[in-house]
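These numbers were taken from a predicted model, which means no experiment stands behind them.
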Amino acid sequence: MTSSRPHLLIVGNGMACNRLLLQLQTHVPDKFCITVVGMEASGAYNRILLTPWLSGEISNDELLLQDSDWYTRHEIALHLGDAAVSMDTSAKTLTCQSGKKFDWDLLVLALGSQPLIPPVPGCQLKGVMCLRTLKDAGDLVRRCNQAFNTGGEIAVVGGGVLGLEAACALRAMGLPVTVIHRDAWLMNRQLDKEAGER
């Protein structure tokens with residue numbers, strides 16, 4: 001990449017990346033030549049709204065944080081659907097799963113978190129799914145539609161905020177849902193025993 005501006009490479013295209021890009025455009029709009037590398041094929045979206053999307057309360061467009069024109073207008077290069085697999089800090093290069101390489105003057109890792117899958121027998125079986133990405137949510141909708149047509153039931157493991165939101169969204173789709181939680185009351189990280197037992 002030929003530019004007189006330093007090249008800022010951001011790995012991860014989630015909410016943290018979006019917030020950083022907004023701050024850069026507000027405070028130093030012409031300081032960097034920016035490339036964003038993301039594992040997911042979709043543009044940045046609001047992960048918090050995945051459960052309302054599941055229940056049909058909001059559309060795909062309402063999930064998106066920016067449309068593709070926004071990146072073009074701000075001269076931000078996007079490389080999506082290709083996970084970063086290695087980086088050489090001495091050479092300042094990053095290699096993606098496809099083999100494509102990127103150099104950088106400054107590097108920001110905005111990779112987010114990974115879902116916790118309990119290490120129990122059967123966790124790799126077909127039908128055991130996580131809910132963290134838009135693809136996960138889409139796969140879950142397809143699986144639930146199959147369950148609806150065949151009279152299947154859904155079990156949500158985890159009675160925290162996300163688990164209960166997911167259970168409510170799935171119930172809104174007309175599916176019978178059972179919540180399985182390892183602690184004595186739901187939302188035990190947010191509520192004390194008295195509140196949780198009510």
Examine [X] and [Y] and state if one hydrophobic cluster contains both, with Ile, Leu, Val, Met, Phe, Trp and Tyr joined whenever side-chain heavy atoms are less than 4.5 Å apart.
X	Y	answer
Leu63	Leu170	yes
Leu21	Met39	no
Val156	Met173	yes
Met15	Leu49	no
Val179	Leu191	yes

Crowded around [X] [atom1]? As in, over 12 foreign heavy atoms under 6.0 Å?
X	atom1	value
Gln124	CD	no
Met129	CE	yes
Glu194	CD	no
Arg73	CZ	yes
Ile48	CD1	no

Which heavy-atom pair separates [X] from [Y] by the least distance, and what is that distance?
X	Y	result
His181	Gly160	CE1-N, 4.2 Å
Trp104	Asp88	CH2-O, 3.7 Å
Cys96	Phe102	SG-CE1, 3.8 Å
Leu131	Ala166	CD2-CB, 3.9 Å
Arg5	Cys33	CB-N, 3.9 Å
Val128	Gly122	CG2-O, 3.6 Å

Close side-chain approach of [X] and [Y], heavy atoms under 4.5 Å:
X	Y	answer
Trp53	Val141	yes
Gln114	Cys130	no
Gln25	Ile76	yes
Asp82	Val37	no

- Task: Sequence neighbours left out, what passes ring-ring contact (aromatic ring centres under 6.0 Å, His included) with Trp70? Give chain and number order.
- Result: His74
Does the [X] side chain pair with the main chain of [Y], one donor and one acceptor, at a distance under 3.5 Å?
X	Y	value
Asp103	Lys92	no
Tyr45	Leu134	yes
Arg189	Val161	no
Asp183	Asn188	no

How far does [atom1] of [X] sit from [atom2] of [Y], to the nearest 0.5 angstrom?
X	Y	atom1	atom2	result
Leu94	Lys101	CG	NZ	10.0 Å
Ile10	Leu24	CD1	CG	6.5 Å
Ser68	Leu80	OG	CG	10.5 Å
Glu165	Ser55	CD	OG	9.5 Å
Tyr71	Asn18	OH	CG	5.5 Å

- salt bridge (Lys or Arg N to Asp or Glu O under 4.0 Å): which pairs involve residues 28-47, sequence neighbours left out? Glu40-Arg47
- Message: Please determine whether side chain to side chain contact (heavy atoms under 4.5 Å, CB included) holds for the pair Arg171 and Ile154, giving the CA-CA distance in whole Å, both sets of side-chain angles, and the decisive distance to 0.1 Å.
- Response: CA-CA 9 Å; Arg171 187 68 190 100; Ile154 306 295; over 6 Å; no
- Looking at Ile34, Leu107, Leu106, which one forms a side chain to side chain contact (heavy atoms under 4.5 Å, CB included) with Leu9? Leu107
- Please report the C-alpha distance between Thr133 and Asp136 in whole Å, then the side-chain angles of each, then the deciding distance to 0.1 Å, and finally whether the side chain to side chain donor-acceptor pair (under 3.5 Å) criterion is met. CA-CA 5 Å; Thr133 68; Asp136 293 340; 3.2 Å; yes
- Message: Is it the case that the side chains of Glu62 and Ser59 hold a donor-acceptor pair, with the cut-off being a distance below 3.5 Å and no angle test?
- Response: yes
- Message: Can you confirm whether the side chains of Thr35 and His7 place a donor and an acceptor under 3.5 Å from each other?
- Response: yes
